[in-house]
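Down below is the structure, laid out as structure tokens.
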There are 2 protein chains.
Amino acid sequence: MEELDGVDVAKDKRSIEIVLDPGSGIPYYRQIILQIEMAVADGRLKPGYQLPTVRGLAVELQVNPNTVARAYNELEIRGLVSTQHGTGTFISDKEIALSDADREQILSQLVRGFVSQAASYGFTVQDLVDYLIAYHEEGEK
Amino acid sequence: MEELDGVDVAKDKRSIEIVLDPGSGIPYYRQIILQIEMAVADGRLKPGYQLPTVRGLAVELQVNPNTVARAYNELEIRGLVSTQHGTGTFISDKEIALSDADREQILSQLVRGFVSQAASYGFTVQDLVDYLIAYHEEGEK
DNA sequence: ATTGGTGTATCATATCACTAATACACTGGT
DNA sequence: ACCAGTGTATTAGTGATATGATACACCAAT
């Protein structure tokens with residue numbers, strides 16, 4: 001916590017901005033999850049970074065510590081973060097947290113749900129493939 | 001209900017087999033929705049076909065008529081079926097129920113949600129495209 | 001108009017999801 | 001050992017969700 005040579009030590013702790021929208025109909029704990037997911041996905045949070053403490057974030061968001069804890073807990077189950085009791089909650093390397101078989105299973109389940117949902121709107125799998133490819137190329141430019 | 005000349009009249013009414021799994025954790029009304037969605041998606045139910053009546057299906061599934069009605073109601077909101085009070089519930093042409101622009105918008109939203117969700121598990125869009133294509137080819141054989 | 005079919009509306013109830021209050025348990029530096 | 005910081009567990013209250021009981025309303029054929 002000191003600066004030996006005038007250079008700030010990397011604290012691996014970034015303040016991530018989390019905002020709750022009470023009128024969204026989305027539960028608080030889920031809003032927290034989503035925003036952390038996003039931050040990880042787009043690189044704002046990197047492996048090793050410490051998340052705000054349960055209490056700290058709870059005060060900031062004017063919410064019960066349990067609500068934050070629940071979000072963190074669910075993120076840990078998914079392997080996105082790793083918590084040390086008494087120390088804090090940190091972003092983990094998601095890639096290696098799950099076995100390939102697990103990832104395969106999850107992906108399968110996600111796709112199945114997606115296809116089913118889209119089918120109810122009359123979309124075929126071919127539609128989805130086409131659109132997704134377009135979406136992919138879109139994101140690259 | 002009679003056969004004048006020995007030929008069954010086309011009734012536009014097919015008995016679609018719906019099965020409820022009490023242990024799946026999926027609500028009955030949702031299971032009904034899903035199975036009808038699937039049947040429409042793969043062509044077992046075509047526009048104009050009449051669905052089982054609310055009461056009939058309720059008795060068959062040993063469930064309250066309200067539960068079936070709820071499923072049908074939700075399907076109507078999505079435009080997948082059309083109900084005539086006092087007459088019955090029928091598959092509608094979903095394809096033309098929505099404008100192309102609406103469909104595009106919905107598809108976009110679905111894909112966005114799917115990609116976001118998958119991203120939280122560390123999957124890239126490329127992963128999704130690959131898997132979806134595999135899934136598609138799988139379904140064709 | 002009556003009747004037997006259809007979907008609909010209202011209310012009750014059991015269960016679950018979400019959040020909070022509060023107390024507990026672990027960790028690291030002093 | 002202490003203490004200030006961290007996450008955790010238990011319990012309870014509120015609201016939403018899912019289902020059912022029951023009565024109502026519409027339609028078509030007679």
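A, B, ... follow the sequence lines: proteins, then strands. Residue 1 opens every chain.
Rounded to 10°, the angle separating the first-five-pair axis and the last-five-pair axis of the helix from C:dA1-D:dT30 to C:dT30-D:dA1 equals 10°.
In this structure, A:Leu61 atom CG and C:dT19 atom C1' are separated by 14 Å, rounded to whole Å. Atom CD1 in A:Ile32 sits roughly 18 Å away from atom P in C:dA17 (whole-Å rounding). One atom, CZ of B:Phe90, and another, P of C:dT6, lie 10 Å apart when rounded to the nearest Å. Regarding A:Tyr28, its OH atom lies at a distance of 12 Å from the C1' atom of C:dA20, rounded to whole Å. Atoms CD (A:Gln50) and C1' (C:dG28) sit 13 Å apart, rounded to a whole Å. Across the protein-nucleic acid pair, A:Arg30 atom CZ and C:dA17 atom P stand 11 Å apart, rounded to whole Å.
Of the residues listed (A:Val81, A:Ile32, A:Thr89), the one engaging A:Leu75 in a side-chain contact (heavy atoms from CB on, under 4.5 Å) is A:Val81, and it is the only one.
In terms of phosphate contacts, A:Thr67 brings a side-chain nitrogen or oxygen within less than 4.0 Å of OP1 or OP2 of C:dA20. Taking only side-chain nitrogens and oxygens, B:Thr53 comes nearer than 4.0 Å to OP1 or OP2 of C:dT6. Distances shorter than 4.0 Å separate some side-chain N or O of B:Thr89 from OP1 or OP2 on C:dG7.
Nearest-nucleotide positions on DNA chain C place A:Pro27 closer to the 5' end than the other of A:Pro27 and A:Gln84.
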Taking only N/O atoms, report every protein-nucleotides 8-11 of chain C pair under 3.5 Å with atom names and distance.
residue	atom	partner	partner atom	Å
C:dA9	N6	B:Asn66	OD1	2.6
C:dA9	N6	B:Asn66	ND2	3.2
C:dT10	O4	B:Asn66	ND2	3.3

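In this structure, B:Glu76 contributes its side chain and B:Ser82 its backbone to no donor-acceptor pair below 3.5 Å.
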